[in-house]
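Accompanying notes for the structure given below.
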Protein chains: 2
Amino acid sequence: MKHIADSTVRRLSLYLRFLEEFERQGHDTISSGELARSGGTTSAQVRKDLSFFGSFGKRGLGYAVTDLIASLRRILGLEARWPVIIIGAGKIGAALAQYRGFGVHGFDVVGVYDADPARVGERLAGILDQLDAALEGDIARLQPRIAVLCIPGEAAQGQLDRVVKSGIRAVLNFAPTALTAPEGVAVRTVNMATELEVLAFALTNPEA
Amino acid sequence: MKHIADSTVRRLSLYLRFLEEFERQGHDTISSGELARSGGTTSAQVRKDLSFFGSFGKRGLGYAVTDLIASLRRILGLEARWPVIIIGAGKIGAALAQYRGFGVHGFDVVGVYDADPARVGERLAGILDQLDAALEGDIARLQPRIAVLCIPGEAAQGQLDRVVKSGIRAVLNFAPTALTAPEGVAVRTVNMATELEVLAFALTNPEA
DNA sequence: AGTTGTGAAACGTTTCACAGCT
DNA sequence: AGCTGTGAAACGTTTCACAACT
């Protein structure tokens, strides 16, 4: 397959989100123009994004909402459910562990780990474990495919290396550090400080 | 000023993060190559990013760490502190409100609002307020420059319109919805579902 | 008539490569 | 000798515009 741009995949995810809403509202077809408005893009962009994966519409008519949802779910790899572990049960880790949206979108939190498993209390009972040597065994047993890192910056690279060594190939990083991973491991970093600084820059340089 | 790419601003923020660490380790000069490694990019990219704003290095030598930190802080608009309000005190909103990293990086949480101010309890006491008609008055009085939306998707556009009408020009959105804002208002959306779906795509299409 | 799918053009970003300083 | 700063080249992404189809 030809290489697909990150920006394309991000938009496909947004289209899917909007289509699900659109279907709930009882619509059964949608045009690239309507879909574009939802994602803050253009109709040509929508058609181009989809064209990388095939031909899903009917000329003169648009796209069948239910079919397009199914196609996008298949393209994004959401036909199966994805088991996820969360490393770090501080405020962010604990908030994510309890976030119901995970499950709705096809991701199952199968484990939460913290160096101090007492820290969060009974709400994570049954799922919060000691972050120690047992992690490797748990990964082998539960086969999580994605690890979410919610630990301090200085611990992040170490835990990333560790889960990669155990076979995990996708990491979502909330630590405020750029991480390096071997070829074939997907890492996405969500960095609060950077997001705020981009906004500070925009406020400081309104014309840029 | 020439338009600056979003990707450039993001990298500047990462460079700053790394430089602060590098300074703490006692180094006083750094080359574009060393800085590049930290941000997962190339030395030419680092030099190009900086060149949009001026000339900060010494040929043959590199960059003076402390000076470059000061320059980046000025470029990003971090010389003053930025007052921030958080709309929504659910799990994510409450976690952010208590996140110390905000303050460290020059952002002050001056208000947290929720439709039900009883929900979080005493830890946000003195800062958590009812999300009601008083918001407009608070914005006029406290002059926050950035609003962080931590509310359900269906409420997000409404609260965005509201804070924009009160004069806020920068919004960080954690609701899983694409938002529209008038020209001149910077909006950044952090969407958990999309981040996970990009990882699911990467796992499903290892070659793409 | 209306909308898709898609090559080609336009645009933007990154990489190259080297002149110019220190 | 070493490293920056930067035009120019290469590359990637978005937009255009229109033929193809319903």
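In what follows, chains carry the letters A, B, and so on, assigned in the order in which the sequence lines appear, proteins first and then strands, with residues in each chain numbered from 1.
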- Item | Min side-chain heavy-atom separation B:Lys48-B:Arg11 under 4.5 Å | no
- Query: How would you give the extent of chain B contacts on DNA chain C, as first and last nucleotide 5' to 3' within a 4.0 Å heavy-atom cut-off?
  - Reply: C:dT13 to C:dT22
- Overall bend - the helix from C:dA1-D:dT22 to C:dT22-D:dA1, comparing terminal axes fitted on five pairs, nearest 10 degrees: 0°
- Item | Any B:Phe107 side-chain heavy atom under 4.5 Å of A:Glu197 side chain | yes
- Item | Protein-nucleotide distance (B:Arg59, atom CZ; D:dC3, atom P), rounded to Å | 14 Å
- Item | Rounded distance (Å) that lies between atom C1' of D:dT4 and atom CG of B:Leu61 | 10 Å
- Message: Any non-hydrogen side-chain atom of A:Thr194 less than 4.5 Å from a side-chain atom of B:Arg17?
- Response: yes
- Task: Please examine the side chains of B:Asn205 and A:Ile4, heavy atoms only from C-beta on, and report whether any two atoms are closer than 4.5 Å.
- Result: no
- Query: Any Lys/Arg nitrogen of B:Lys165 or B:Asp161 sitting under 4.0 Å from an Asp/Glu carboxylate oxygen of the other?
  - Reply: no
- Query: Salt bridge check: are A:Arg24 and A:Glu21 linked by an N-O gap of less than 4.0 Å?
  - Reply: yes
- Message: Between B:Leu68 and B:Tyr15, is the side-chain contact (heavy atoms from CB on, under 4.5 Å) condition met? List the steps.
- Response: CA-CA 10 Å; B:Leu68 189 53; B:Tyr15 302 156; over 6 Å; no
- Message: Can you list, in residue-number order, the parts of residues 25-58 of chain A that come under 4.0 Å of DNA chain D, counting heavy atoms only?
- Response: A:Thr42, A:Ala44, A:Gln45, A:Arg47, A:Lys48
- Item | B:Tyr99 vs A:Lys91 side-chain heavy atoms within contact, under 4.5 Å | no
- Message: Would A:Val198 and B:Arg188 count as a side-chain contact (heavy atoms from CB on, under 4.5 Å) here? Give the steps.
- Response: CA-CA 9 Å; A:Val198 172; B:Arg188 302 193 60 78; 3.5 Å; yes
- Are A:Tyr63 and D:dT22 close enough that a side-chain N or O sits under 4.0 Å from OP1 or OP2? no
- Query: Does the side chain of B:Thr41 reach to within under 4.5 Å of the side chain of B:Leu14, using non-hydrogen atoms?
  - Reply: no
